[in-house]
Amino acid sequence: MDYLETGILEIDDIAVPPEERLVKGPVAVIECVQNIPCNPCVDACPKGAITIQGSINNVPKIDFEKCNGCSICIANCPGLAIFLVDKSFEKNRATVGMPYEFTPLPQPGEKVILLNRAGEACGEGEVIKVRNAKAQDRTPIVFMAMDPELTMEVRFFRRRTNER
Ligand code: SF4
Ligand code: SF4
């Protein structure tokens, strides 16, 4: 529970999909730990993979086997607390999809600096796709390719254009 003091989640604070599920294809990772009255993620999921037991103030739980990686929940989360991890992307690269509400949007092929939950640089990534459908209501999802070892660490990125 150190995050109550630091504001930064540790890996032990979240439910991590098992490796067998991660290598099968994209799966959502929910990093929502605060007891607040919120549940759009539950209503948004077409597979019924996300549930909140009892009070709406409880945190959501995800059934990784029910999740098909559609990414719909990501844009529906007002807390920007859901990510999509895919270790089936390439032999030596995996992807993380993350909500990104800044403009201009990055473009596929752009190289970026990967940031961990503390905002520290932890590697280099490549934008492979930006999903920005009207139904996402101005919460685009940027998909980033990276070293598979970084997928449970990287949660944001810095653009090299910001360094000029
Ligand atoms: S990625 Fe799709 S299937 Fe998985 S939890 Fe989110 S909305 Fe449900
Ligand atoms: S929509 Fe986001 S912030 Fe709200 S309960 Fe779901 S994961 Fe948490």
Side-chain angles (χ1 to χ4, degrees), residues 1-90 93-102 105-106 108 114-119 125-146 148 150-157:
M1 287 276 185
D2 286 348
Y3 66 84
L4 291 175
E5 289 168 20
T6 65
I8 300 165
L9 292 184
E10 304 281 341
I11 196 74
D12 292 342
D13 297 320
I14 58 174
V16 176
E19 192 65 19
E20 313 87 79
R21 176 62 189 85
L22 286 166
V23 297
K24 273 191 206 165
V27 64
V29 175
I30 301 180
E31 307 204 358
C32 172
V33 296
Q34 289 197 307
N35 296 104
I36 51 170
C38 185
N39 69 353
C41 54
V42 176
D43 293 338
C45 179
K47 294 292 177 185
I50 307 176
T51 52
I52 293 179
Q53 306 287 333
S55 165
I56 192 175
N57 289 307
N58 290 333
V59 295
K61 289 194 167 31
I62 179 165
D63 183 331
F64 296 122
E65 289 307 318
K66 284 187 182 171
C67 173
N68 68 358
C70 69
S71 82
I72 291 172
C73 55
I74 296 179
N76 279 273
C77 171
L80 307 182
I82 309 180
F83 303 87
L84 200 73
V85 175
D86 181 7
K87 283 194 166 181
S88 72
F89 177 62
E90 286 174 357
R93 290 198 305 175
T95 65
V96 175
M98 51 193 98
Y100 187 80
E101 293 185 333
F102 299 90
L105 287 171
L114 302 170
L115 304 178
N116 64 16
R117 292 181 185 85
E126 178 186 351
V127 176
I128 55 152
K129 183 169 59 178
V130 178
R131 191 171 287 162
N132 190 19
K134 201 171 176 188
Q136 290 174 222
D137 194 23
R138 298 186 295 278
T139 302
I141 304 169
V142 175
F143 293 84
M144 201 75 64
M146 64 189 72
L150 294 174
T151 51
M152 292 309 299
E153 192 180 332
V154 171
R155 290 299 175 260
F156 204 58
F157 61 92

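As the structure is a prediction and not an experimental result, all values here were calculated from the model. Count residues from 1 along the sequence. Order of listing sets the numbers, starting from 1, for every ligand and every atom in it. Just so it is clear, the values below take in all heavy atoms, side chains as well, and ignore hydrogens, waters and symmetry mates.
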- Identify the protein heavy atom lying closest to atom 3 (S) of ligand 1, giving its residue, its atom name and the separation to 0.1 Å. Asn68 OD1, 3.2 Å
- Message: Quick test: of every protein heavy atom, which one is nearest to atom 4 (Fe) of ligand 2, and how far off is it to 0.1 Å?
- Response: Cys38 SG, 2.2 Å
- What's the count of protein N, O or S atoms under 2.8 Å from atom 6 (Fe) of ligand 1? 1
- Item | Arg138 side chain vs Lys134 backbone, donor-acceptor pair below 3.5 Å | no
- Those atoms of ligand 1 less than 4.0 Å from some heavy atom in Pro46: 7 (S)
- The salt bridge (charged side-chain N to carboxylate O under 4.0 Å, His left out) partners of Arg93 (sequence neighbours excluded) come to Glu90, Glu126
- Note on the structure: ligand 2 atoms nearer than 4.0 angstrom to some heavy atom of Pro78 are 1 (S)
- Query: Atoms of ligand 2 less than 4.0 Å from Cys77 heavy atoms?
  - Reply: 1 (S), 2 (Fe), 3 (S), 7 (S)
- Task: Output the list of atoms in ligand 2 that are nearer than 4.0 Å to some heavy atom of Cys32, sorted by atom number.
- Result: 3 (S), 5 (S), 7 (S), 8 (Fe)
Using a 3.5 Å cut-off and no angle test, enumerate the donor-acceptor pairs between side-chain atoms of residues 72-85 and protein atoms at least two apart in sequence or in another chain.
from: Asn76; atom 1: ND2; to: Ile72; atom 2: O; distance (Å): 2.9

- Message: Filter on salt bridge (charged side-chain N to carboxylate O under 4.0 Å, His left out), then keep only pairs touching residues 50-64, sequence neighbours left out; what's left?
- Response: none
- Salt-bridge contact Glu65-Lys24 (side-chain N to carboxylate O under 4.0 Å): yes
- Message: Rounded at 0.5 Å granularity, tell me how far NZ in Lys47 sits from SG in Cys70.
- Response: 8.5 Å
- Item | Any Leu22 side-chain heavy atom under 4.5 Å of Val27 side chain | yes
- Which ligand 2 atoms are under 4.0 Å away from a heavy-atom of Pro40? 1 (S)
- Message: Tell me if a side-chain donor or acceptor on Asn35 pairs with a main-chain N or O of Asn57 at a distance below 3.5 Å.
- Response: yes
- Is Val142 close to Phe157 at the side-chain level, that is, under 4.5 Å between some pair of heavy atoms? yes
